[in-house]
Amino acid sequence: MRFVIALAVACAAAVVPQAPTRSVVRFGHLWDGTRLIDNALVTTDGDAIASVESGVKAPADAVDLSRYTAIPGLIDLHTHITYYWDRKPGTRPLGQPRRRPAVTVFLAQDNARRTLESGVTTIRDLGASGETDYAMRDLVAMGAMIGPRMFVAGQGISAGRGWTPNPPALAKQAEDRINAGSDWVKVYASRGSFDSVETTQTLTFDELKAIVDAAHALNHKVAIHSYGASGVRDAVRAGADSVEHGIEIDDDTFAEMVKRGTVWVPTIDHNRYYVDARDEYGFKPEAIPPLEEYITKNLESTTRAFKAGVKLGMGSDAVYTMFGQNTRELEWFVKAGMTPAQALATATTIPAELLDRKDRLGRIAPGFAADLVAIEGHPLENIHDVVAGVRWVMKDGKVVVQR
Ligand SMILES: [Zn+2]
């Protein structure tokens with residue numbers, strides 16, 4: 001017994017990464033979040049960037065990544081990182097036997113690793129049960145678990161079956177989530193998830209407003225899920241900080257988003273994932289055409305939103321086996337009319353501001369977190385290189401991915 005305990009302590013100590021130190025890394029090119037520079041030398045000190053220089057001679061001990069282009073650590077605004085599936089034959093992602101929260105937290109480290117491998121070093125996790133997201137956030141922040149920095153929502157707020165509208169009760173739920181440890185409040189204002197693209201609105205404008213007002217009074221922000229246009233419209237008017245999903249959104253709603261600075265996270269790619277993973281999930285063949293139709297409408301609205309000047313955010317809505325595909329949304333954004341640099345802004349400067357971290361995340365500059373991603377190829381010319389070309393990732397001054 002004593003031996004087992006000693007071993008457990010030894011193992012636990014072994015996984016805690018070493019305290020970060022000073023490092024110097026050389027890149028062929030570097031996109032700092034606003035511009036591209038050549039022959040870049042980045043010096044990190046602890047968990048922060050100390051300097052970014054161009055065209056200077058690299059010291060002998062510099063890490064040579066001169067065949068790559070550096071971009072800032074990316075931010076995925078919509079994940080469910082505690083949705084884990086062990087791929088056990090005869091099981092499916094949905095309907096797995098219940099696991100204890102601590103077991104889920106341990107297993108979900110695999111999702112965290114895949115996320116880092118995609119170049120994502122920060123996530124906003126929008127919905128988890130059993131406080132598993134609080135635990136992962138805290139373990140990562142302690143350095144005891146390797147994973148992306150996490151902003152989390154805990155359990156999402158939704159209307160249960162037979163719900164009758166009750167704004168004060170929902171305001172209280174928002175306060176309870178924040179007091180329990182949620183950074184963000186996540187609200188489900190409509191149906192729709194997995195193989196269902198049902199757009200039915202489930203919470204009223206007054207209910208959404210009550211939730212948003214309660215959260216804002218406590219200085220916390222709100223993300224509202226809506227598959228349909230009416231829920232998006234009401235979410236924006238209620239003061240949501242970000243709106244998730246959505247199709248057939250009217251121009252007045254986009255104008256209101258521009259006026260208020262609301263960030264829209266359309267999550268186009270997650271339905272592409274469900275189409276591709278249909279056999280894993282056991283989705284019925286008749287579920288596929290509606291998913292494909294939703295993708296088309298989702299992209300159409302995104303194209304109009306971008307033209308209208310709406311702030312767009314990269315959110316994968318990753319669950320289960322989608323981790324590692326977190327950045328494929330960027331390719332849809334280029335299809336919607338963005339340049340690669342504009343697409344990268346949806347995963348760097350725009351989400352950093354939404355997360356109230358615009359002086360710390362989303363750029364490579366002195367004083368910012370030492371989160372760097374080395375890309376093989378030409379990320380500012382071909383966005384696919386960001387999706388497929390991640391070769392090395394540093395987070396908080398520590399190398400977390402090396403290929
Ligand atoms: Zn989601």
Side-chain angles (χ1 to χ4, degrees), residues 75-85 93-94 104 108 111-112 114-115 118 120 122-134 136-137 148 150-159 174 177 182-203 208 211 221-228 231-232 235 240-247 262-277 281 283 291 294-295 298 301-302 312-329 332 346-347 351 354-355:
I75 302 170
D76 185 345
L77 281 173
H78 192 139
T79 62
H80 299 273
I81 201 165
T82 62
Y83 289 32
Y84 176 80
W85 180 45
L94 300 174
T104 296
N111 293 343
R114 290 170 195 273
T115 299
S118 73
V120 168
T122 303
I123 61 171
R124 187 181 59 154
D125 200 68
L126 292 181
S129 58
E131 304 197 345
T132 46
D133 53 346
Y134 300 166
M136 285 186 77
R137 172 197 60 193
M150 292 172 64
F151 296 85
V152 309
Q155 188 83 51
I157 296 176
S158 60
R177 296 293 190 284
S182 291
D183 304 301
W184 276 73
V185 173
K186 166 72 179 289
V187 185
Y188 292 91
S190 83
R191 298 221 174 90
S193 68
F194 300 112
D195 56 338
S196 160
V197 290
E198 198 188 326
T199 54
T200 312
Q201 191 172 340
T202 48
L203 293 176
L208 298 175
I211 293 167
K221 288 184 167 179
V222 181
I224 299 184
H225 156 124
S226 176
Y227 267 49
V232 172
D241 299 281
S242 75
V243 181
E244 316 297 307
H245 325 298
I247 53 169
T262 316
V263 174
W264 186 34
V265 185
T267 70
I268 305 166
D269 191 57
H270 89 292
N271 287 316
R272 185 280 312 160
Y273 160 73
Y274 289 133
V275 171
D276 285 357
Y281 282 82
F283 291 152
L291 286 169
Y294 196 96
I295 294 168
N298 213 184
S301 281
T302 302
L312 288 150
M314 182 189 82
S316 63
D317 204 0
V319 295
Y320 303 112
T321 52
M322 194 183 172
F323 289 93
Q325 303 176 29
N326 303 61
T327 61
R328 288 185 61 167
E329 184 78 352
W332 291 104
T346 72
L354 181 66
L355 295 169

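Start at 1 and go down the list; that is how both ligands and their atoms are numbered.
Look at H78 and the Zn ion (ligand 1): an N/O/S atom of the residue is under 2.8 Å from the metal. Inclusion of H225 in the first shell of the Zn ion (ligand 1) is not supported: no N, O or S atom falls under 2.8 Å. At a cut-off of 2.8 Å, D317 coordinates the Zn ion (ligand 1) through an N, O or S atom.
Aromatic ring pairs are classed by plane angle as parallel below 30°, tilted from 30° to 60° and perpendicular above 60°; the pair Y281 and F194 is tilted.
Salt bridge status for R137 with D125: absent, with no side-chain N to carboxylate O gap under 4.0 Å. Looking at D276 and R272, a side-chain N of the basic residue comes within less than 4.0 Å of a carboxylate O on the acidic one, giving a salt bridge.
Between H225 and the choices H245, R191, H78, the side chain to side chain contact (heavy atoms under 4.5 Å, CB included) rule is met once, by H245.
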